[in-house]
Amino acid sequence: MQRFPISTLIFRPSRRPIWQPSLPKRSVAVAVPAAAVFLLAALSVAVIISSARLQSTLFSTNFLGNQTEKISPKIPKKSIKYYPLDCSSSSTTNQTQNFACRKNYPTQFEPESNDHSGRPICPEYFRWIHEDLRPWAAGGITREMVEKGKATAHFRLAVVGGRVYVEHYKKSIQTRDLFTIWGILQLLRKYPGRVPDLELMFDCDDRPVVKSADYQTAEMETAGPPPLFRYCGDEKTLDIVFPDWSFWGWEEINIRPWEKLLKELKKGNEKWKWMEREGFAYWKGNPYVADTRQDLLKCNLSQQNDWNARLYIQDWILESQQGYKQSNLASQCTHRYKIYIEGYAWSVSEKYILACDSVTLLIKPNFYDFFTRSLQPLHHYWPVSDDHKCKSIKFAVHWGNSHKQKAQAIGKAASDFIQQDLKMENVYDYMFHLLNQYAKLLRFRPGIPTGAVEVCSETMACPRDGMEKKFMKESMVKTPSLTIPCSMPPPFDTPSLQRLYRRNANLIRQVEKWEDEFWNRNKP
């Protein structure tokens, strides 16, 4: 309801009281005794006073009543009850302490409103869910297809009746599998009872493995590709991309869960204003995981060349010994330009770099994760050639320092995208819609896998200690959501998808043209 200033609500009496009769057009003189005149005047005064009191009472009741209603705090329709980690229920068997799942957490999702018209449309990158599931859209997913994913999967996860069961096949790199499963558990705490029964295979390694070329023959197309979940994909594979483990914390290198870290990155941006930052391109990481990163080191400052790049090798072993004092991501937003380069495959670092307000110099990638396919060249990032990195980086920095306002706008668009479209609420909603759409395609009844064990927040977090337990408690969903998930946008049609690819390609060609013109004028 629109609020009005008090001055506009002040009562103003009408020009003529409603009880006063209209005067005739022509007055008629009538002789009235003096006593009658006095009595009539006294009655008139009494009526006026009574009317004024009545109006005053109505004014006080209506105005003050409405005003009190407006300024009183809004009481939520349903009180929020929090469910923190409960490690009190446990039993000890053979010197092993077993923790039980809490019994009082809600099993049904009860939002304040189920009105989808009041919820925002999900960010644009949600449309890629339809594309990732398109290989199974016509014929669905059979149990045989799921079983084929076991060849490389680290675990099978099943949701049955709102409970989660996991069958482990092999240990993943570091704690990727642990925090991925933890993230799915938190999704079920956020939307209890709304994730349907399903079974899926998850591969926690870097590179996608389900090659589309293997399923182009009639025989293989009938058999169908395995629906294998992982963290990234590329143009030649069919793996289903899923948010990576680091959204709930990367314990091995002391990176906090995303919700907390995102706030720290925002504060870091406010601390170092773009115009006051160093006018060079910054990168810090492990160059030994890929040849392309070792090639990048050739662009560092030397006695012979200054390619406008300042590159640093990250020694994670030494950093852990020194308490991670030099690896705080929120304190690395000190340059106008930051370089993103893939490692063995896609890199978790991309979201941290994009969040920095700096212009992201994106060296041509081969892989994508669940949100990066909606990034636009010259709007969210500056494209950099992989074939001649040094010259491309030098020109990008030169262009940005010569067009500071435009460069700053690119950095701001990227950080706004990360802060708004990639906030943790949207990450959970992406998982929610992906798993719901996936479950609709299953052509078998999901069940509890043989050898699987039930997992919940208590069984995963309570037995742990140190940073693992700290990050789990920090990223734990402590209460069901009061709002329904965002509304899924429609899938791409073929013309709109072609326009998207064509637009991005044209923008990259435009940058390449500017770069060629620059080096033709400034030949080394």
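- Note that Arg127 lies in the cation-pi zone of Phe492, set by a 6.0 Å cut-off to the ring centre and a 45° limit from the axis.
- Residue Leu238 holds its CG atom at 11.0 Å from CG of Leu133, rounded to the nearest 0.5 Å.
- At a threshold of 4.5 Å between non-hydrogen side-chain atoms, the residues Glu259 and Lys423 do not count as touching.
- Side-chain contact of Asp386 with Thr292: a donor-acceptor pair under 3.5 Å is present, judged by distance alone.
- Atom NE2 of His154 sits about 8.0 Å away from atom NZ of Lys171, to the nearest 0.5 Å.
- Enclosure of atom NZ in Lys170 by more than 12 non-hydrogen atoms of other residues, nucleotides or ligands within 6.0 angstrom is indicated.
- We find the CD-CG distance between Gln174 and Asp177 to be 11.0 Å, quoted to the nearest 0.5 Å.
- Within the 6.0 Å centre-distance limit, the rings of Tyr231 and Trp245 are counted as a close aromatic pair.
- Using the six-membered ring where Trp is involved, Phe155 and Phe202 have ring planes that are parallel, under 30° apart on the 30 and 60° scheme.
- With Tyr381 as the aromatic partner, Lys338 does not meet the cation-pi criteria of under 6.0 angstrom to the ring centre and within 45 degrees of the ring axis.
- Under the 4.5 Å side-chain criterion, counting only non-hydrogen atoms from C-beta, Asp86 is not in contact with Tyr105.
- Between Trp258 and Phe247, the ring planes are perpendicular. Angles over 60° get that label, and only those under 30° would be called parallel.
- Lys389 has a carboxylate O that lies under 4.0 Å from a charged side-chain N of Asp295, or vice versa, which qualifies the two as a salt bridge.
- Using a 4.0 Å cut-off between charged nitrogen and carboxylate oxygen, Arg119 and Glu112 do not count as a salt-bridge pair.
- Among the candidates Asp369, Ile129, Asp132, the single residue satisfying the side chain to side chain contact (heavy atoms under 4.5 Å, CB included) test with Val241 is Asp132.
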Discussion item. Test ring pair (Phe, Tyr, Trp, His ring centres under 6.0 Å) on Phe371 and Tyr430; report intermediate values, then the result.
Written reply: CA-CA 10 Å; Phe371 71 89; Tyr430 186 95; 9.5 Å; no
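- Between Lys364 and Val384 there is no side-chain heavy-atom pair separated by less than 4.5 Å.
- Judged as a side chain to side chain contact (heavy atoms under 4.5 Å, CB included), and not counting sequence neighbours, the contacts of Arg502 are Gln498, Arg499, Asn506.
- In this structure, Lys412 NZ and Phe417 CZ are separated by 14.0 Å, a value rounded to the nearest 0.5 Å.
- For Arg156 and Glu147, the salt-bridge test passes: some basic side-chain N is under 4.0 Å from an acidic carboxylate O.
- A salt bridge does not link Arg230 to Asp205: none of the charged nitrogens lies less than 4.0 Å from a carboxylate oxygen.
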Fill in: Lys190/Thr479 under side-chain hydrogen bond (donor to acceptor under 3.5 Å, both in side chains): CA gap, chis, key distance, verdict
CA-CA 7 Å; Lys190 186 175 179 67; Thr479 184; over 6 Å; no
Practice prompt. For side chain to side chain contact (heavy atoms under 4.5 Å, CB included), just list the numbers for Leu354 and Ser415, CA-CA rounded to whole Å, side-chain angles, deciding distance to a tenth of an Å, and then say yes or no.
Written response: CA-CA 6 Å; Leu354 288 164; Ser415 61; over 6 Å; no
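- For the pairing with Phe370, the side chain to side chain contact (heavy atoms under 4.5 Å, CB included) check across Tyr125, Phe126, Trp128 returns one residue only, Tyr125.
- Residues passing the salt bridge (Lys or Arg N to Asp or Glu O under 4.0 Å) test with Arg134 are Glu131, sequence neighbours excluded.
- Taking 4.0 Å as the cut-off between side-chain N and carboxylate O, Glu264 and Arg256 count as a salt-bridged pair.
- Taken to the nearest 0.5 Å, the CD atom of Gln314 stands 11.5 Å off from the OG atom of Ser349.
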